[in-house]
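Take a look at the structure below.
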Amino acid sequence: MSEPADAPVILCDEPGSFARSVLAERHPALIEKVRDAFPYDPEQHRALDALRHDHAEGVVTPLDPGAHDHDRWQSWGREYFGRSWFEAPFLWIESYFYRRLLGAVGYFAPGPWQGIDPFRPFKQAELDTPEAARELTALDHLLDRPADEAADALLHGSLWGNRADLGFRISSGGAASSDAAPLVADDSDVLWRLLPAGAPATLCLVADNAGRELLPDLVLVDHLLRHRRAERVVLQVKPYPYYVSDATTSDVVDCLRHLARAEGAAGEAGTRLWAAMADGRLTVRAHDFFCAPLPYAEMPDDLRREFADATLTVLKGDLNYRRLVGDRLWSPTTPFADPTAYFPGPVAALRTLKSDVITGLDADTEAALDAEERHWRTSGTHALIQVRR
């Protein structure tokens, strides 16, 4: 693996950088969207105002000593407290922002707002769009195709569904182009060799977003179970709301109900998935580490054992990719296998590119991308499928 000095940690202090734009533009806009989504009381409004002020002009302050996770956050980043938000590592400060946002609206505190997902209206709206309805209707024709062809199409649907990321839309002004660009890396043939039909495989799928991304993820899971490319699927989700649209258990249930109520092939898939949860072929897990501001290299032993027991672990989305390889400015030609060598089993990344981190490209691909589009790393118009066996 390359030495850390060869791949500096991404910070937020460089003017014009993507990381700085997230803190300076996306986070304040999100505070206002959350404020408008619920009839919060004056105390919550004051807390949101204070978060916005501190975020823009103040320094990072610790959680209240009475917070249930105060000590955990102290151990994760006490060296960043008292410094500008823009001086902390990008991965850490993004996670801390969402923890502070949940605290501001009373998500963790005893009271009437405890456990109320501040992002739920945005997630629900994603399920009720005409685009989502058309995608489900298209399954009637897609699932009539030969199983291998359908599997490839569903894999790419799960990959490109990542463009439904609500946080990305806040900063980009809308969804990315609907025209899928060629993948910058495509190891899908390796992925399928790890999941041959009829093998007693266990797939661990680490979800990313809810709504229109989780729907194709679930339809892919149904196809893998139905055609015996997986005997069992473990779906890993967040234990509480995180990064605007990240999937929780309640979001899984919402999507399953949405599928089951649909007409045609989508409804049939939803019914099968509901039964698969009931008989244990599909299991949902929600480990606390999925909301930690840490790379997967620092995962706890119990999660490491779960990944080690899987035939293949598939990590969805940009944040999971940043945590998998480390949120660093790697040379794009760094082999994907190098920064993922620590992972306890075969691992695949399905990712639409929305941040500066990238590995595993050949030099010609990197040169072509640099010539084609200045912001190809962050625009959401490119994607990859990378596998380390």
Under-4.0 Å salt bridge between E126 and K123:
no
I want to check a possible cation-pi pair here: R20 against F86, using under 6.0 Å from ring centre and within 45° of the ring axis as the test.
yes
Among W92, W73, W85, find the residue that satisfies the ring pair (Phe, Tyr, Trp, His ring centres under 6.0 Å) test when tested with Y80.
W92
Would you check if the side chain of R389 reaches a backbone N or O of L194 as a donor-acceptor pair within less than 3.5 Å?
no
Find out whether Y96 and F81 are in side-chain contact, i.e. whether some heavy atom of one side chain is under 4.5 Å from a heavy atom of the other.
yes
Whether H223 and H227 hold their rings parallel, tilted or perpendicular, with breakpoints at 30° and 60°:
tilted
Around atom CD of E32, are there more than 12 heavy atoms from other residues, nucleotides or ligands closer than 6.0 Å?
yes
Using atom types as modelled and distance alone, determine if a side-chain donor or acceptor of R323 lies under 3.5 Å from a backbone N or O of L294.
yes
R305 bridged to D309 by N-O distance under 4.0 Å:
no
Can any side-chain N or O of T352 pair as donor or acceptor with the backbone N or O of L159 at less than 3.5 Å?
yes
Less than 4.0 Å between a side-chain N and a carboxylate O, is that true for R229 and D148?
yes
side-chain contact (heavy atoms from CB on, under 4.5 Å) between D152 and E149, intermediate numbers included:
CA-CA 5 Å; D152 280 331; E149 288 184 26; 5.9 Å; no
Hey, are the side chains of D327 and D356 touching, using non-hydrogen atoms and a 4.5 Å cut-off?
no
Distance col, row I31:CD1 vs D36:CG, nearest 0.5 angstrom, shows 12.0 Å
Do Y342 and F289 share a hydrophobic cluster (ILVMFWY, side-chain heavy atoms under 4.5 Å, transitive)?
yes
Are any side-chain N or O atoms of H53 and backbone N or O atoms of G58, one a donor and one an acceptor, separated by less than 3.5 Å?
no
Non-neighbouring partners of R285 that pass side-chain contact (heavy atoms from CB on, under 4.5 Å), sequence neighbours left out
R232, V234, Q236, T283, E306
Say whether, by atom type as modelled, one donor and one acceptor occur between the side chain of R226 and the main chain of A269 under 3.5 angstrom.
no
Kindly say whether V184 contributes a backbone atom to a donor-acceptor pair with the side chain of H382 at under 3.5 angstrom?
no
For S158, is there any backbone N or O sitting under 3.5 Å from a side-chain donor or acceptor partner on K316?
yes
Taking R388 for its side chain and G345 for its backbone only, find out whether a donor-acceptor pair lies under 3.5 Å.
yes
With side-chain contact (heavy atoms from CB on, under 4.5 Å) as the test, would you mind laying out the steps for F38 and D117 before giving the verdict?
CA-CA 10 Å; F38 286 97; D117 183 347; over 6 Å; no
Is the terminal nitrogen or CZ of R322 (NZ for Lys, CZ for Arg) located under 6.0 angstrom from the six-membered ring centre of F90 and within 45° of that ring's axis?
yes
Any heavy-atom pair between the side chains of L315 and Y321 that's under 4.5 Å?
no
Side chains of E373 and S379 only: does a donor on one sit below 3.5 Å from an acceptor on the other?
yes
Classify the ring geometry of Y296 against F343: parallel below 30°, tilted from 30° to 60°, perpendicular beyond 60°.
perpendicular
Judged by modelled atom types alone, do S95 and Y242 share a side-chain donor-acceptor pair under 3.5 Å?
yes
